[in-house]
Every structure is written in structure tokens, then in C-alpha cells.
Amino acid sequence: MGHPHGVFMNDIRTNYLFGFLLCTLVFVGKMSAQSTFLLEKVPSNTPDSDSIFLAGSFNNWNPGDPAFLLQKRRDGKLSITLAHVEPPFEYKYTRGNWDKGESDGLGKPVSNRSQKGGVGPLTLSDEVYGWEDLPNIVPIAKIKVVLEEIPENTPLDAALFLTGNFNSWLPGDPQLRFEKNGEDLYQVSVPVYNDTLEFKVCRGNWANVEGRKSGRARFNRRYILNEKKEQEVKIKVESWEDLSGTPINAYTIFWLMAAVQGLLLILVINTLQRPIPRSNQILSLLLLVFSLTLISRVAVYDREIFQWLPRLLLIPDFLYFLYAPLFVTYISRLLRSRDKGFQLRDLLQFIPFFLHLLFYIPFFLMDKGEFINLSVDQRFRPTFERLGGFAFLYNLGYWVYAQRMIRSYEVDSDNQYSSGSNVNFLKTVMWLKAICLVLWAGIYAIGTYGWIQDLDLAFMTDTLTDSLWIGFSLTVFLLGYFALKEPDIFRLPETQVENPLIEAINPPEEDAEKEQEVDTELKMRVGEWMEKERPFLNPKLSLPDLAEQIGTNPHELSRVINQGYGRNFNDFVNSYRVEAFKQTALDPAFQHHTFLAIALHVGFNSKTAFNRSFKKLTGQTPREYFEQGKEDQS
């Protein structure tokens, strides 16, 4: 039977927790059921004495309801926040009655504004371009839009229109129809009522709007007036969304090939060794995530798929905070502790990813049509750009961490194994990732410059973004190449150091070692053993193996080699192999053998390891060494 005081305290904690959760749910419910309407601009001829109201389905379309009066903020904009108002709803702005409702700037009524869906507190940013009772707004400028080029598959009888923020985005406005001017040019004059022009070209409705060269939906064209006079803007239509055909191009073919190779590589690396090492399991997960991401990126290039599953557009973003920790976990298991499962430290690395996932939940719950419209209009772009900037710094930090881990493994491996480290494939991958980081930084540098100078540099940033994805995709091809050429790289020997960063902060007591005198007798015994028994002929010779043969412990042997011979274990053993190679190459019995065959005969395990060690110890390549020997003899 439990203590009554404990039961009482448990009841208090339970009630407190329940009350806290209930208050939290109420607060979140209230927050999610409110909408803020922000009116950023009103027509220049709006009387200063007039008040502006919100009328909609949430107040029985009352055009002058005082409870829906917009208030002026410090920045001059008008806004109102309504509690318990959540989508779907329709609304308009008025100046107190329906005779003074908003128009398209030319006095023509506009359709109701609508909000079909959304999660959480909403902020709707709007502009009013005109009032029905005040149609004679004097435009601040007139712009001539010249259409220089249209796609070859444009129907011969197609009527081309301009639509934008100057006509409330009416797609088939007869006043904004392009007229033929010469053989290949079309033009239309546009009255502009504010200094920023946003527009698109269409063939009469939103189903026939212009797209990118790839056929994907393009964001709004944007032009900022520099002078208040008639100006000319020249544009080209790259494609029509409804006539774009296949989404396959050079980029998408490359990404699909990388995705397929990633899936095949999963099969390859999981057949190299049984049981499957933990490192290969993590690499398989990384390749699976990356392949599915590439497939989703290619899928949204197709207009029909994008209209069906528009949120596939968000999937590639999840690599922001998922790829780096997965890759570092793979390196850690490959180089340090292959058979260990996920530790708490590993799981903590994925907290940013889960936070990112929570941040994106409202986008997945948003109405599909609204999501498509906001995506095409680049309304999400500022949020995604800030998130991508933070992700860049996050991945840069992980890159530095991975570099230190690989370098630490190289040092440890050279001190423990005669074959040295075989991490050239990781170095190549890291260089490729460095190039990707440079491209990533370039995207933000160019975007920032365009923002400061009011320039539309989207073409450059989009090209760099596609190039960045190609760089990431090359990682898969590199892993596939090395998997076929050197399958042993996916089962590297494990070193004894658990964490390179901890070792860097708390290094071993090297000073105490240096104060001890080298065991001269052990040093002589090591030299004699290497000369007589020639253990270096074993390509897999390790520090523990040699210590056992000589009859000492690895720590003492390592100290004798490091201090007595001034070398690490790898260089120490390879120095005997190089000398054996020199002698064997001059032996008449080996005159018809290649350098590589002789190198393998004396204990080297690869051509790369042999060439690297020979050049490091002699300062020359094998061919240069023997050619110089012939010259000295002559």
C-alpha cells in the first residue's frame, strides 16, 4: 500500500499537468482562430477623411460595421485582427458602403477576395488598387511591355494578354491584350498606379499561363519603376504550362540517374559483408532518403503532378537538417565504432530536423489551392530563404566536424595499421561537398546583391540552385564508383579512438611519454625482428599483431617506434617494404615483373599506398628513382 502523502502529491501533479495542457490547448485554439488583415497600400486618391472597413462572410457583408474598422499603424499601413475568424471566408474592403467598394483601379468591380484554408494565426497582406466611385486615378507612369519571343508551340490563333497587380490579376482583360507590332513582336501599354509592377503573360485564362523553360510554374515577373515616365520592358515567354510537354531535361535526367544509382548502390553495399555493418545500414538509409528526395524534385517539374501533389515541393528542404547528421553518423560508424547502435548523442543531432518538420506542418495542412497559389507567387520565399541561410551555417559546421573526424582517423590509422588509411573516397566526397557549400553561399550572395540593387537575378540563383543539386547528386555517383573499384572502403578497420574532438580537447599525456627514456633493448629487438622475420610482408600487419610477435604491449611498441625511430607505425613498416622493393626490383628473378607486382609481393596492399609511401620516404617516384640509379652507374 502506497504512502497517502505520495498519492496526494501524485494527484496534485496530475491535476496540474492536466490544467496546464488544457490552458495550452485553449490558448493555441484561440491563436489559431484569429486572422490579421493587413492593407499595405490604398489608391493615391483615397480621401484622408474616409475610413476603411472590412466586409465579408464573417459579418454578413456589412460594409460599414464599426467593429470591422481598420486601424492605422505606426508604419502608415492599415490593419485589423479578428478573433474567432478562420478560413474559409470571403471579403472585400470598402469606405463605409457598397457604392464605395474597391475596384481594379479603372472603376470596374473586382471579385471577392477569398481565403480557403490555413492553420494557425493568419496574416493576409492586401492592396487596394482603386474605388468604384473614384475611377479617375491618374497613373504615375505608363509602361510599354514588348513581347519579343513566344514558344514555337503557341497556337497561331492564340490571343495573348497581360495580367498583374494593375488589373487585379484578371487573366483575359481585353484592355491588356497584346497587339502585333511587326513580324515577331507584340506590345501592350500598361497604366501603373504604384512603383512596383508584378505581372504574367497568359492566353486568356490561368490554365494557359506562361511557365519556366522547364515547363514548371514561374513566379510573377517583377519590375520596379526608376523614373515616373513612359518606359519599355522587353520580355520573352519561355513556355506555356499547358503545352510544356514532358518535364524531362538535362537536369532531371541527371537527378533520375543519380536516384536510380542510389537505390542500386543500397543493394551493392549490403552484399559486401555479412552481417551487414552498422555503417552500411546508415549509409543505406542516407542513400534512400537522398534518392527519394531527388525523385520528388523531378516529380514537381511535371505540371500535372505538381497540381496533384504540390507539397512534394517541400520534400527536398528536409535534407537541410537531415543529410549532415546522417552523413556524420555514417562516418563515425565507418571509422570509429561500426557495431554500436544509435547513442543519445547521435539522436540529439536530429533535433533540428524534427523542429524543421514541425515548422512545416502548417504548410502540409494548408488548402491545396492556396498552397499552389502562394508557391507560384513566391509568397513562401522569404521564409524559405531565412531557413536555408540557417541551414547553410548548420551544414558548414558539420562539414568542419567531419573533416576533423577524417583527419583524426588518418593519424590514428597510421599509428596502428601498416596499410594506412583508405579514406581517399571520403576526402573526394568532402571536396565535392565543399564545392556545394560554395555554390550555396553564392546563391545567397547573388540574391542579397539583387535585393540591395533592386535587380531580378532569379535566373542566376535558380541556375546555381540546380547546379548545387547536381553537386549533391555526384556524391551518389562517386560512392558507386568506389563501391565497384574498391569495395573494401565500406569496411574500414576500426581505430581505438572513440571521438576525435574529445581527444583534441583532452590529448593523451604526450609530455609524460617524452620524459621517459626509450627502451634501447626493445628498440634493438624490434629492428632485429623486422630484418629477420620480415613481418612487413603481411599487408594486414597491425600494431597489436607486431607487439604480440615481439612479446610486448602495443603502447610500449608505439612509444619505441614514435620516439626511437621518429616515425608512426605506418611509415615505420613501409620503410622496410620500400627497402625490400628496391632490393627485389634489382633481383634478376624479378626483372620481368611490374612495379605493382613487386610492391604487392613485399607487403603493399594497393598501387596508391605504394606510390604514396615510396614518394614520401624517397622524395621520388619509383620510376624516377631507378632512372636516376641508372644515370649514376653510367
In terms of heavy-atom contacts, Val201 and Glu210 come closest through N-OE2, 2.8 Å

Test applied, side-chain contact (heavy atoms from CB on, under 4.5 Å); reference residue, Leu437; option that passes from Asn395, Leu432, Leu468
Asn395

Listed partners of Tyr449 passing ring pair (Phe, Tyr, Trp, His ring centres under 6.0 Å), at least two apart:
none

Considering residues, nucleotides and ligands other than Trp451, do more than 12 of their heavy atoms fall under 6.0 Å from its CH2?
no

What heavy-atom pair brings Leu285 and Leu326 nearest, and what distance separates the two atoms?
CD2-CD2, 3.9 Å

Non-hydrogen atoms of Ala67 and Ile80 that approach each other most closely:
O-CD1, 3.7 Å

List for me each residue that meets ring pair (Phe, Tyr, Trp, His ring centres under 6.0 Å) alongside Tyr394, sequence neighbours excluded, and say none if there are none.
Phe321, Tyr398

Ring-face cation contact, Tyr323 with Lys433, 6.0 Å cut, 45° max
no

Main-chain N/O of Leu288 paired with Ser291 side-chain donor or acceptor, under 3.5 Å
no

Just do the side chain to side chain contact (heavy atoms under 4.5 Å, CB included) check on Arg73 and Leu38 with the steps written out, would you?
CA-CA 10 Å; Arg73 307 193 317 180; Leu38 176 62; 3.6 Å; yes

Quick one: pull up CZ in Phe306 and CG in Leu313 and give me the separation to the nearest 0.5 Å.
5.5 Å

Side chain to side chain contact (heavy atoms under 4.5 Å, CB included) between Phe254 and Leu294, intermediate numbers included
CA-CA 10 Å; Phe254 190 88; Leu294 288 177; over 6 Å; no

Just how far is it from atom CG of Leu39 to atom OG of Ser125, taken to the nearest 0.5 Å?
9.5 Å

Determine whether a donor-acceptor pair (N or O, by modelled atom type, separation under 3.5 Å) exists between the side chain of Trp255 and the backbone of Ser473.
no

Counting N and O atoms only, with roles assigned by atom type, does the side chain of Thr461 sit under 3.5 Å from a partner on the main chain of Gly447, one being a donor and the other an acceptor?
no

Please report the closest heavy-atom contact between Arg113 and Glu102, naming both atoms and the distance.
NH2-OE1, 2.8 Å

What pairs with Lys368 under salt bridge (charged side-chain N to carboxylate O under 4.0 Å, His left out), at least two apart in sequence or on another chain?
none

Donor-acceptor list for residues 380-393 side chains, cut-off 3.5 Å, not counting sequence neighbours:
from: Arg381; atom 1: NE; to: Glu385; atom 2: OE2; distance (Å): 3.1
from: Arg381; atom 1: NH1; to: Gln378; atom 2: OE1; distance (Å): 3.0

Worked verdict on Tyr409 versus Leu426 for side chain to side chain contact (heavy atoms under 4.5 Å, CB included)
CA-CA 11 Å; Tyr409 173 81; Leu426 285 179; over 6 Å; no

Can you spot which of Leu474, Leu319, Leu464 makes a side-chain contact (heavy atoms from CB on, under 4.5 Å) with Trp469?
Leu319

Do the side chains of Leu439 and Phe472 get nearer than 4.5 Å, heavy atoms only?
no

For a quick test of reading the model, state the closest non-hydrogen atom pair linking Trp206 to Lys200 and the distance between them.
CZ3-CD, 4.4 Å

All heavy atoms of Thr163 vs all of Cys202, minimum pair found to be CG2-SG, 4.3 Å

Check for a donor-acceptor pair, side chain of Ser332 on one end and backbone N or O of Val328 on the other, with a separation under 3.5 Å.
no

Taking ring pair (Phe, Tyr, Trp, His ring centres under 6.0 Å) as the test, write out the residues that go with Phe68, two or more places apart.
Phe58

Taking the side chain as C-beta and beyond, is there a heavy-atom pair between Tyr93 and Val42 under 4.5 Å?
no

Test Lys77 against Asp126 for salt bridge (Lys or Arg N to Asp or Glu O under 4.0 Å), laying out the working first.
CA-CA 11 Å; Lys77 299 176 182 179; Asp126 297 318; over 6 Å; no

Check the pair Leu82, Asn59 against side chain to side chain contact (heavy atoms under 4.5 Å, CB included), reporting the backbone distance first and the verdict last.
CA-CA 11 Å; Leu82 302 178; Asn59 72 338; over 6 Å; no

Would you give the length of the straight line joining atom CG of Leu256 to atom CD1 of Ile295, rounded to the nearest 0.5 angstrom?
7.0 Å

If you measure from CG on Asn208 to CG on Leu243, what distance do you get to the nearest 0.5 Å?
7.0 Å

Answer yes or no: does atom CE of Met430 have more than 12 heavy-atom neighbours from other residues, nucleotides or ligands under 6.0 Å?
yes

Residue pairs passing the side chain to side chain donor-acceptor pair (under 3.5 Å) test where at least one lies in residues 309-320, sequence neighbours excluded
Asp317-Tyr360

Side chains of Phe371 and Leu314: closer than 4.5 Å at any heavy-atom pair?
yes

